[in-house]
There are 2 protein chains.
Amino acid sequence: MDIPATFPTVLRELLRTHQAFLAYAASHVHKLDLTLPQFDVIITLGNTPGMPYKKLGEKTLITKGTLTGVISRLEDKGLVQRVASETDGRSQSIRLTEAGNDLYERTFSEHLLFIGRLFASYSPEDIHALEGHLRRLHEAILSTQKKTQLPQ
Amino acid sequence: MDIPATFPTVLRELLRTHQAFLAYAASHVHKLDLTLPQFDVIITLGNTPGMPYKKLGEKTLITKGTLTGVISRLEDKGLVQRVASETDGRSQSIRLTEAGNDLYERTFSEHLLFIGRLFASYSPEDIHALEGHLRRLHEAILSTQKKTQLPQ
DNA sequence: GAAAAATAGTTCTGATTAGAACAATAAATA
DNA sequence: TATTTATTGTTCTAATCAGAACTATTTTTC
């Protein structure tokens, strides 16, 4: 079995790029007195009638245990509210309050512009290629993980 | 200014891929009763005479405030030790203890194999291409960040 | 319909994170 | 040399993170 000598380098680069992106995005979001996960919840809920807890977690990649705390802090700030589901006694819907929606409308497009600057030098094809490479690695990880789960 | 409609998708994919990789790597490392940052420190120190605190932080991407805690926990486990610098009263060198080195020797190559499985379907050119794409995005982020730092 | 299994959220724990404030030391400057 | 400035590592805070245990409610299965 011959391991390419360079794959640890790729992975380091993945980590560094990820970290750099978070720092860049956070520098913008912190001006709103929100954390990155909090803002992520806001923009995920924007332009929706709200969504169940679980779906929100899947979209934002936030674990349910963490999500409880994030939502609570946003609720304290008056930006979101929990609404008990009528059909399922376990479930709740999270949605933006009026203040939360105001914030969303006021900041989202600017945030998009801010993030978009990163890709100033990218053509649509460039972006597409990058996405393809990431998606391939992502899928490779998932399928390797699956194989490893029930080894031999 | 025309923003490509797809860049949020790429970034989501970056986050998902990153998360998937961490989960995959952690599943292996947790068997050693170590966290990912802890193991990262171990393999960074492996095959070195130790290194100053600051350099270790740069290599592992761990902030100095966090690093203090990580090192302390590894010290408690008897895997690393702090050695005061002789020339600089502020500085310390961190290095593996004998037990730490044993662990490193025993687990590193296996860990490399484990991670290498992710790239089973990759040719060296594939890996190189992926790395190039990541590096480009990384540099785009850094340069955009620099421009934003002193705006107008 | 009753017991068992699955699901939604909460709570708890230990660790990491970024960031700021701080002490001690070293280096630069005047 | 004395003062100022920079650097190293620690400590502190508030938040996130994954994972496990737990409660309350469905849903499944028999």
Side-chain angles (χ1 to χ4, degrees), chain A residues 15-16 18-41 50-58 60-77 80-94 145, chain B residues 15-16 18-42 50-58 60-77 79-94 145:
Chain A
L15 304 192
R16 280 181 208 283
H18 174 260
Q19 196 184 54
F21 169 66
L22 289 191
Y24 178 76
S27 73
H28 191 234
V29 168
H30 284 352
K31 291 180 189 165
L32 309 173
D33 264 311
L34 292 174
T35 66
L36 223 37
Q38 286 167 15
F39 190 65
D40 201 5
V41 166
M51 66 182 67
Y53 213 95
K54 195 190 173 188
K55 189 172 175 189
L56 186 56
E58 284 166 2
T60 57
L61 302 183
I62 301 175
T63 307
K64 60 180 181 176
T66 306
L67 199 50
T68 296
V70 175
I71 298 290
S72 295
R73 264 161 240 123
L74 285 173
E75 214 174 22
D76 292 346
K77 293 180 184 183
V80 308
Q81 59 187 152
R82 297 179 223 240
V83 184
S85 161
E86 295 176 354
T87 60
D88 189 331
R90 300 164 296 179
S91 179
Q92 311 178 36
S93 205
I94 317 292
Q145 200 164 34
Chain B
L15 304 192
R16 280 180 208 281
H18 174 261
Q19 196 186 53
F21 169 66
L22 290 191
Y24 178 77
S27 74
H28 191 234
V29 168
H30 285 351
K31 291 180 188 162
L32 309 173
D33 263 310
L34 293 174
T35 66
L36 222 37
Q38 286 167 14
F39 190 65
D40 201 6
V41 166
I42 299 284
M51 67 183 67
Y53 214 95
K54 194 191 174 187
K55 190 172 173 187
L56 185 57
E58 284 165 2
T60 57
L61 301 184
I62 301 175
T63 307
K64 60 181 181 176
T66 306
L67 198 51
T68 296
V70 174
I71 299 289
S72 295
R73 264 161 239 123
L74 285 173
E75 214 175 22
D76 292 346
K77 294 179 182 183
L79 299 173
V80 307
Q81 59 188 153
R82 295 180 224 240
V83 184
S85 162
E86 295 175 354
T87 59
D88 188 332
R90 299 163 298 180
S91 179
Q92 311 178 37
S93 205
I94 316 294
Q145 199 164 34

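First the proteins, then the strands, lettered A, B, ... as listed; each starts at 1.
In the set C:dG9, C:dA18, D:dT8, the nucleotide with an atom closest to the side chain of B:Thr63 is C:dA18.
Interatomic distance, B:Ser93 OG to B:Gln81 CD, rounded to the nearest 0.5 Å: 9.5 Å. Atom CD1 of residue A:Ile94 and atom NZ of residue A:Lys55 lie 13.0 Å apart, to the nearest 0.5 angstrom. Atom-to-atom distance recorded for B:Leu22:CG and B:Ser27:OG is 11.0 Å, nearest 0.5 angstrom. Separating the CG atom in B:Leu56 from the CG atom in B:Leu61 is a distance of 11.0 Å, to the nearest 0.5 Å. A:Lys64 NZ to A:Ile71 CD1: the interatomic distance, rounded to the nearest 0.5 Å, is 15.0 Å. With rounding to the nearest 0.5 angstrom, the CG atom of B:Leu74 is 9.5 Å from the CZ atom of B:Arg82.
B:Phe39 and B:Leu32 make their closest contact through CE1-CD1, 3.6 Å (heavy atoms, listed as atom of the first residue, atom of the second, distance). Counting all heavy atoms, side chain and backbone alike, B:Leu67 lies closest to B:Tyr53 at C-OH, 3.4 Å. Nearest heavy atoms, A:Val80 versus A:Glu75: O-CG, 3.5 Å.
When rounded to the nearest whole Å, the span between CG of B:Leu56 and P of D:dT7 equals 19 Å. Protein atom CG of B:Leu22 is 9 Å distant from nucleotide atom P of D:dA18, rounded to whole Å. Per the geometry, NZ belonging to A:Lys55 stands 18 Å off P belonging to C:dT7, to the nearest Å. Atom OH of B:Tyr24 is separated from atom P of D:dA18 by 19 Å (rounded to the nearest Å). Rounded to whole Å, atom P of C:dT17 lies 9 Å from atom CG of B:Leu67. Note: CD1 (A:Ile71) to P (C:dT11) measures 14 Å, nearest angstrom. Per the geometry, NZ belonging to B:Lys64 stands 13 Å off P belonging to D:dT11, to the nearest Å. In this entry the distance linking CD of B:Gln92 with P of D:dT7 reads 18 Å, nearest Å.
At a threshold of 4.0 angstrom between heavy atoms, the contacts of A:Gly65 include nucleobase atoms, whether or not backbone atoms are also involved. Among the protein residues, B:Lys54 comes within range of the sugar-phosphate backbone only, with heavy atoms under 4.0 Å from sugar or phosphate atoms but none that close to a base.
An OP1 or OP2 oxygen of C:dT25 is reached within less than 4.0 angstrom by no side-chain nitrogen or oxygen of B:Ser91. OP1 or OP2 of D:dT10 has at least one side-chain nitrogen or oxygen of B:Tyr53 nearer than 4.0 Å. The side chain of A:Gln19 places an N or O atom within less than 4.0 Å of a non-bridging phosphate oxygen (OP1 or OP2) of C:dA18. Applying the 4.0 Å criterion to OP1 and OP2 of C:dT10, one finds that A:Arg82 has a side-chain N or O inside that range.
The 5' end of DNA chain C is approached more closely, in terms of each residue's nearest nucleotide, by A:Thr66 than by the other of B:Ile62 and A:Thr66.
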Enumerate all atom pairs, one protein N or O and one N or O from nucleotides 27-29 of chain D, separated by less than 3.5 Å.
none

Collect all protein-nucleotide pairs involving nucleotides 2-4 of chain D in which both atoms are nitrogen or oxygen and the distance is under 3.5 Å.
none

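Within the 3.5 Å criterion, the main-chain N or O of B:Leu34 finds no donor-acceptor partner in the side chain of B:Lys77. Side chain of A:Thr35 to main chain of A:Gln38: a donor-acceptor pair is present (N/O by atom type, distance under 3.5 Å, no hydrogens or angles).
Of the residues in residues 26-41 of chain A, those lying under 4.0 Å from DNA chain D by heavy-atom distance are A:Thr35, A:Pro37, A:Gln38.
No side-chain heavy atom of A:Asp40 sits under 4.5 Å from any side-chain heavy atom of A:Val70.
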